[in-house]
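Just below is one structure, and these are the notes that go with it.
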Amino acid sequence: GKGLACGRYAAGTQAQQSMSQEPSIARSEGRDETWLPEPPGLSHAEILELPISTLAYVGDAVYELYVRRHLLLSGHVNVPSHHLYLASLAYVSAEAQAKILRLLEPFLTPAEAELCRRARNHVPLSRPRHADPMEYRLATALEALLGELYCSGQTARLDELMKHILGLVEPAPKALRSVSGGGHDL
């Protein structure tokens with residue numbers, strides 16, 4: 001099938017080794033249950049009735065959980081929370097999300113691409129304060145896609161896309177390298 005090359009994780013930490021052994025990052029280590037809350041399992045018709053902003057709202061929360069879990073499983077457990085926040089910006093800023101969506105577009109199904117097009121064309125009620133308007137729209141499209149996958153219960157596809165997304169970003173953002181390894185890659 002279609003796939004993206006994922007970034008390498010730094011070797012040596014137990015969390016990273018367990019993550020590489022996990023069949024799915026949406027699975028808890030060694031347990032048979034998902035770590036995300038149970039999706040609502042909305043039908044396609046129900047999804048189409050939801051405003052794009054609602055899908056993006058849910059997708060933003062799901063995306064944030066994946067990123068935070070990824071940072072912790074990458075061995076960043078003894079790092080001040082402010083540094084984790086700064087590291088998460090490499091994933092969650094509108095600029096980063098816009099770049100990620102552009103890289104994912106060739107790998108989306110026709111239905112996913114259509115949802116992203118619809119979301120990208122959605123006119124937000126408020127203007128972004130710290131983002132280019134087009135980047136903001138692309139970021140909204142990525143979040144709406146993730147929200148749709150979660151709300152419809154497509155957790156395997158959500159997990160697949162999130163593995164690709166997390167691999168597209170430098171595994172040890174600069175904010176963490178400076179406190180974790182004396183300025184060296186982890």
Side-chain angles (χ1 to χ4, degrees), residues 1-7 9 15-16 18-74 84 88 90-94 96-125 135-169 171:
K2 296 177 180 178
L4 293 171
C6 291
Y9 292 101
Q16 290 158 338
S18 69
M19 187 169 170
S20 67
Q21 293 168 358
E22 288 185 62
S24 163
I25 61 172
R27 300 281 172 205
S28 299
E29 290 150 19
R31 290 185 294 198
D32 206 19
E33 68 228 34
T34 63
W35 61 273
L36 287 172
E38 184 70 28
L42 299 177
S43 70
H44 180 69
E46 291 170 317
I47 296 286
L48 288 175
E49 290 178 19
L50 289 176
I52 289 297
S53 58
T54 300
L55 290 174
Y57 174 76
V58 172
D60 177 61
V62 170
Y63 187 64
E64 186 77 31
L65 282 172
Y66 269 94
V67 168
R68 289 178 182 203
R69 184 172 191 266
H70 172 71
L71 290 173
L72 291 174
L73 289 177
S74 295
L84 289 169
S88 74
Y91 301 88
V92 301
S93 70
Q97 288 180 352
K99 287 178 185 177
I100 287 167
L101 182 62
R102 286 184 185 112
L103 293 170
L104 281 182
E105 281 178 337
F107 303 97
L108 299 179
T109 68
E112 292 167 348
E114 173 59 23
L115 176 75
C116 288
R117 185 201 58 75
R118 209 174 101 225
R120 191 174 51 238
N121 292 335
H122 168 72
V123 178
L125 295 176
E135 286 179 345
Y136 187 78
R137 286 178 163 198
L138 290 169
T140 299
L142 177 64
E143 291 172 348
L145 171 62
L146 300 176
E148 189 273 339
L149 291 173
Y150 175 75
C151 288
S152 63
Q154 297 179 62
T155 55
R157 179 62 174 161
L158 173 64
D159 192 47
E160 178 185 3
L161 288 180
M162 285 307 306
K163 281 183 182 181
H164 293 312
I165 289 169
L166 295 172
L168 290 171
V169 179

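Note that the coordinates shown come from a computational prediction; the quantities given were computed from them, not determined experimentally.
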Taking all heavy atoms of [X] and all of [Y], pick out the closest pair and write down the distance.
{"X": "Pro39", "Y": "Thr155", "result": "CG-CG2, 3.6 Å"}
{"X": "Leu101", "Y": "Cys116", "result": "CD1-SG, 3.9 Å"}
{"X": "Arg120", "Y": "Ala141", "result": "N-CB, 4.0 Å"}
{"X": "Val58", "Y": "Cys151", "result": "CG1-SG, 3.9 Å"}
{"X": "Leu84", "Y": "Leu71", "result": "O-CD1, 3.8 Å"}
{"X": "Leu115", "Y": "Ala144", "result": "CD2-O, 3.7 Å"}

Nearest-0.5 Å distance, [atom1] of residue [X] to [atom2] of residue [Y]:
{"X": "Phe107", "Y": "Glu160", "atom1": "CZ", "atom2": "CD", "value": "10.5 Å"}
{"X": "Leu138", "Y": "Lys99", "atom1": "CG", "atom2": "NZ", "value": "12.0 Å"}
{"X": "Asp60", "Y": "Leu55", "atom1": "CG", "atom2": "CG", "value": "12.5 Å"}
{"X": "Ser152", "Y": "His44", "atom1": "OG", "atom2": "NE2", "value": "10.0 Å"}
{"X": "Leu142", "Y": "Gln97", "atom1": "CG", "atom2": "CD", "value": "5.5 Å"}
{"X": "Leu161", "Y": "Ile100", "atom1": "CG", "atom2": "CD1", "value": "11.5 Å"}

Worksheet item: Should we count CZ of Arg157 as having more than 12 external heavy atoms under 6.0 Å?
Response: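 Result for CZ/Arg157: enclosed.
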Practice prompt. Please test Glu148 against Arg118 for salt bridge (Lys or Arg N to Asp or Glu O under 4.0 Å), starting from the C-alpha separation and ending with a verdict.
Written response: CA-CA 12 Å; Glu148 189 273 339; Arg118 209 174 101 225; over 6 Å; no
Worksheet item: If only atom types and distance count, is the side chain of Tyr63 paired as donor or acceptor with the main-chain N or O of Tyr91 below 3.5 Å?
Response: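 Here the side-chain-to-backbone pair exists.
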Evaluate the side-chain proximity of [Y] to [X]: yes if any heavy-atom separation is below 4.5 Å, no if none is.
{"X": "Leu36", "Y": "Tyr66", "result": "yes"}
{"X": "Leu149", "Y": "Val62", "result": "no"}
{"X": "Ile165", "Y": "Val67", "result": "no"}

Practice prompt. Quick one: list whatever passes side chain to side chain donor-acceptor pair (under 3.5 Å) with Arg117, sequence neighbours left out.
Written response: Glu114
Discussion item. Once salt bridge (charged side-chain N to carboxylate O under 4.0 Å, His left out) is applied, do any residues pair with Arg137, and if so which ones, sequence neighbours excluded?
Written reply: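 In terms of salt bridge (charged side-chain N to carboxylate O under 4.0 Å, His left out), with neighbours along the sequence ignored, Arg137 is linked to no residue.
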